A.B. asks: 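Sharing a structure below in structure tokens format, with a few things to ask.
The shown structure was predicted, so the numbers you read here are calculated from the model rather than taken from an experiment.
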Amino acid sequence: MKWSANMGWLLFITVALILGVFVAPRARLRYVLSRAFPLNYSKILRKNLPAYKHMPTDLQMQLKRRIRQFLYQKTFVGCDGLVITDEIRVTIAGKACLLLLNRTSDVYPQLTHVLVYPSAFVAPRKEMHSGGVVTHTNQGLSGESWSDGRVILAWDQAAHNAETEARGQDVVLHEFAHQLDSETGSTNGAPALPNAAAYQAWSQVMAAEFAQLQQAIQSHHPHSHLHHQQPYPDVIDPYGATNPAEFFAVTTEAFFKKSTALALHHPALFAQLKSYYCVDPREWV
């Protein structure tokens, strides 16, 4: 009798743990997603995501659902005294979720925290030089994507502003492209693709375009460093020539912010990104 009672309690605890670990979070998420999208959130999207106003209704609904899940699952942390507001959360979540429309992927499953600074933040850097000499420097950054579940952003660059809009740059799109890239376990400029044929086509186009960008920069700025030179007056920011991972992030920015020009001057590249992101931002202009 005592043994049966103990087994009963053990079964009860096991069932409770299963419900707590697996069932309850899904139920809470379903509840969150079932609630109406707040009116002030929609106002923020119309203000800070210019493309939102021009999207068809089904994409707007998709975006809002993704945003609700992002805000429910990710923790925002204000740094250097920044107070996290609805505008900060919804703007960043909205831009990040633009990359997920019409796709079956989860909402950045590896990401747990978004750290937001008021403006450019300083990150320590260590560089190895010839002869084994190591130098330690500090670098000002507007964003970073980490493989430990963090994205770090400068709010003055993440917010919608005329300067970044004119350059066709967006730090949120850039850093969350890195998050997509890293979901394969390696941040190498090739995000998760459906099959070997897709990887082969991606590799051929991206490698050719990457080499073309490097050649263009060398012919125009033979002695300059990629981190310090001004953007080359072309569709793709020269920082993309740093490595394949940065090339993917930079071309993601161009795909969403300069879609018409990218399609005109780099049709094969545009086609690869369109196939991956499953949208055509030219329709939102």
Side-chain angles (χ1 to χ4, degrees), residues 22-78 82-116 118 143 145 149-162 164-165 170-180 183 252-253 255-257 259 274 276-285:
F22 297 105
V23 179
R26 293 176 184 175
R28 287 197 297 269
L29 177 59
R30 283 197 299 271
Y31 171 73
V32 167
L33 296 179
S34 70
R35 299 177 64 190
F37 197 76
L39 180 61
N40 68 309
Y41 286 13
S42 295
K43 291 179 178 178
I44 292 168
L45 290 179
R46 287 194 292 271
K47 173 188 173 187
N48 289 344
L49 274 75
Y52 175 77
K53 299 188 290 288
H54 305 289
M55 287 180 179
T57 303
D58 65 314
L59 284 187
Q60 290 182 342
M61 296 298 291
Q62 274 192 56
L63 182 62
K64 289 190 285 189
R65 183 179 177 85
R66 295 284 196 173
I67 290 170
R68 291 303 296 262
Q69 184 171 349
F70 189 104
L71 296 179
Y72 172 69
Q73 294 178 330
K74 318 306 178 187
T75 300
F76 282 76
V77 179
L82 181 68
V83 176
I84 297 295
T85 63
D86 282 347
E87 180 172 17
I88 292 174
R89 295 169 70 246
V90 173
T91 299
I92 292 172
K95 292 184 176 188
C97 291
L98 276 179
L99 308 186
L100 306 177
L101 296 174
N102 286 342
R103 301 173 61 220
T104 57
S105 61
D106 203 354
V107 178
Y108 301 104
Q110 299 172 2
L111 179 72
T112 59
H113 290 77
V114 180
L115 282 63
V116 190
S145 173
R150 293 182 295 165
V151 164
I152 310 172
L153 298 165
W155 171 238
D156 66 344
Q157 296 299 305
H160 179 64
N161 64 75
T164 56
E165 195 69 21
D170 194 301
V171 68
V172 181
L173 299 181
H174 185 105
E175 300 307 333
F176 279 90
H178 283 317
Q179 283 289 306
L180 294 176
E183 286 178 2
T252 291
E253 292 179 82
F255 178 74
F256 284 96
K257 306 298 289 186
S259 55
K274 182 174 179 287
Y276 174 69
Y277 283 117
C278 301
V279 293
D280 189 342
R282 294 175 297 180
E283 299 172 354
W284 312 336
V285 177

A.B. asks: So which heavy atom on Val172 is nearest to which on Ala158, and how close?
C.D. replies: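 Val172 and Ala158 have their closest heavy atoms at CG2-CB, 3.6 Å.
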A.B. asks: Any cation-pi pair here, Arg103 with Tyr276, using under 6.0 Å and within 45°?
C.D. replies: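 Cation-pi check for Arg103 and Tyr276: passes.
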A.B. asks: Given side chain to side chain contact (heavy atoms under 4.5 Å, CB included), test Ile88 with Asp86 step by step and report yes or no.
C.D. replies: CA-CA 5 Å; Ile88 292 174; Asp86 282 347; over 6 Å; no
A.B. asks: Tell me, please, which residues at least two apart from Phe256 pass ring pair (Phe, Tyr, Trp, His ring centres under 6.0 Å).
C.D. replies: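 For Phe256 the ring pair (Phe, Tyr, Trp, His ring centres under 6.0 Å) partners, ignoring immediate neighbours, are Tyr277.
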A.B. asks: Can you name the one residue among His174, His178, Gln179 that meets side chain to side chain donor-acceptor pair (under 3.5 Å) with Ser145?
C.D. replies: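 For Ser145, the side chain to side chain donor-acceptor pair (under 3.5 Å) test succeeds with only one of His174, His178, Gln179, which is Gln179.
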A.B. asks: Locate the shortest heavy-atom distance separating Leu63 from Leu98; write the atom from each residue and the value.
C.D. replies: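 It is CD1-N, 3.9 Å.
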A.B. asks: Taking the side chain as everything from C-beta on, heavy atoms only, tell me whether Leu100 gets closer than 4.5 Å to Leu180.
C.D. replies: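 Of all side-chain heavy-atom pairs linking Leu180 with Leu100, at least one is under 4.5 Å.
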A.B. asks: Any chance you could measure Asp170, atom CG, to His160, atom NE2, to the nearest 0.5 Å?
C.D. replies: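 It is 10.0 Å, given to the nearest 0.5 Å.
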A.B. asks: Between Val77 and Val114, is a side chain to side chain contact (heavy atoms under 4.5 Å, CB included) present by the stated rule, with each step listed?
C.D. replies: CA-CA 6 Å; Val77 179; Val114 180; over 6 Å; no
A.B. asks: Can you find a heavy atom in the side chain of Thr75 that is under 4.5 Å from one in the side chain of Thr112?
C.D. replies: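 No. Closest side-chain heavy atoms not under 4.5 Å.
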A.B. asks: Going from CZ on Phe76 to OG1 on Thr85, what distance comes out if it is rounded to the nearest 0.5 angstrom?
C.D. replies: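 The OG1 atom of Thr85 is 10.0 Å from CZ of Phe76, to the nearest 0.5 Å.
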A.B. asks: I'd like to know if the side chain of Asp106 and the backbone of Tyr108 have a donor-acceptor N/O pair within less than 3.5 Å.
C.D. replies: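 No: the side chain of Asp106 does not pair with the backbone of Tyr108.
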A.B. asks: Closest approach of Arg68 and Ala36, non-hydrogen atoms and distance?
C.D. replies: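 Closest approach of Arg68 to Ala36, heavy atoms only: NH1-O, 2.9 Å.
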A.B. asks: For Arg46, does its backbone N or O pair with a side-chain atom of Lys53 as donor and acceptor, under 3.5 Å?
C.D. replies: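 Answer holds: yes.
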A.B. asks: Is it true that a side-chain atom of Arg66 and a backbone atom of Met61 form a donor plus acceptor pair closer than 3.5 Å?
C.D. replies: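 No, because the side chain of Arg66 does not come within donor-acceptor range (under 3.5 Å) of the backbone of Met61.
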A.B. asks: State, with a plain yes or no, whether a side-chain heavy atom of Arg89 is found less than 4.5 Å away from one of Tyr41.
C.D. replies: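 Yes, their side chains come closer than 4.5 Å.
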A.B. asks: Working to the nearest 0.5 Å, report the span between CG of Leu59 and CD of Glu283.
C.D. replies: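 The distance works out to 8.5 Å.
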A.B. asks: Under a 4.5 Å cut-off applied to non-hydrogen side-chain atoms, are Pro281 and Met55 in contact?
C.D. replies: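 No - every pair of side-chain heavy atoms lies 4.5 Å or more apart.
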A.B. asks: How long is the straight-line distance from CG of Leu153 back to CZ of Phe176, given to the nearest 0.5 Å?
C.D. replies: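 Rounded to the nearest 0.5 Å, the CZ-CG separation comes to 6.0 Å.
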A.B. asks: Heavy-atom count check: over 12 atoms from other residues, nucleotides or ligands less than 6.0 Å from Arg150 CZ?
C.D. replies: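 Yes, enclosed.
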A.B. asks: Quick check: does any side chain N or O of Gln60 sit under 3.5 Å from a backbone N or O of Tyr52, one acting as donor and the other as acceptor?
C.D. replies: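 A pair under 3.5 Å: yes.
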A.B. asks: Is there a donor-acceptor pair closer than 3.5 Å between any side-chain N or O of Gln62 and the backbone N or O of Leu101?
C.D. replies: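 Absent.
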A.B. asks: Tell me whether Asn102 contacts the main-chain N or O of Cys278 through its side chain, where contact means a donor paired with an acceptor under 3.5 Å.
C.D. replies: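 Yes.
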A.B. asks: For the side chain of Lys74 and the backbone of Leu111, is there at least one donor-acceptor N/O pair under 3.5 Å apart?
C.D. replies: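 The answer is yes, because a donor-acceptor pair under 3.5 Å joins these two groups.
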A.B. asks: List the steps and the verdict of side chain to side chain contact (heavy atoms under 4.5 Å, CB included) for Phe37 and Arg65.
C.D. replies: CA-CA 8 Å; Phe37 197 76; Arg65 183 179 177 85; over 6 Å; no
A.B. asks: Mind checking whether Lys47 and Glu87 have side chains closer than 4.5 Å, heavy atoms only?
C.D. replies: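 Touching, per the 4.5 Å side-chain cut-off.
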A.B. asks: Can Leu173 and Lys257 be said to form a side chain to side chain contact (heavy atoms under 4.5 Å, CB included), step by step?
C.D. replies: CA-CA 10 Å; Leu173 299 181; Lys257 306 298 289 186; 4.0 Å; yes
A.B. asks: Ignoring hydrogens, what is the shortest heavy-atom contact between Leu71 and Ala93? Give both atom names and the distance.
C.D. replies: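 Nearest heavy atoms, Leu71 then Ala93: CD2-CB, 3.8 Å.
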A.B. asks: Less than 4.5 Å apart, side chain to side chain, heavy atoms only: is that true for Ser259 and Trp284?
C.D. replies: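 No - every pair of side-chain heavy atoms lies 4.5 Å or more apart.
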A.B. asks: With no hydrogens and no angle check, is any side-chain donor or acceptor of Lys274 less than 3.5 Å from a backbone partner on Val279?
C.D. replies: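 Not a single qualifying donor-acceptor pair exists.
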A.B. asks: May I ask you to test the Cys97-Phe70 pair for a side-chain heavy-atom distance under 4.5 Å?
C.D. replies: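 Yes. Closest side-chain heavy atoms under 4.5 Å.
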A.B. asks: Could you grab the distance from atom CG of Asn48 to atom NZ of Lys95, nearest 0.5 Å is fine?
C.D. replies: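 Here the interatomic distance stands at 7.0 Å.
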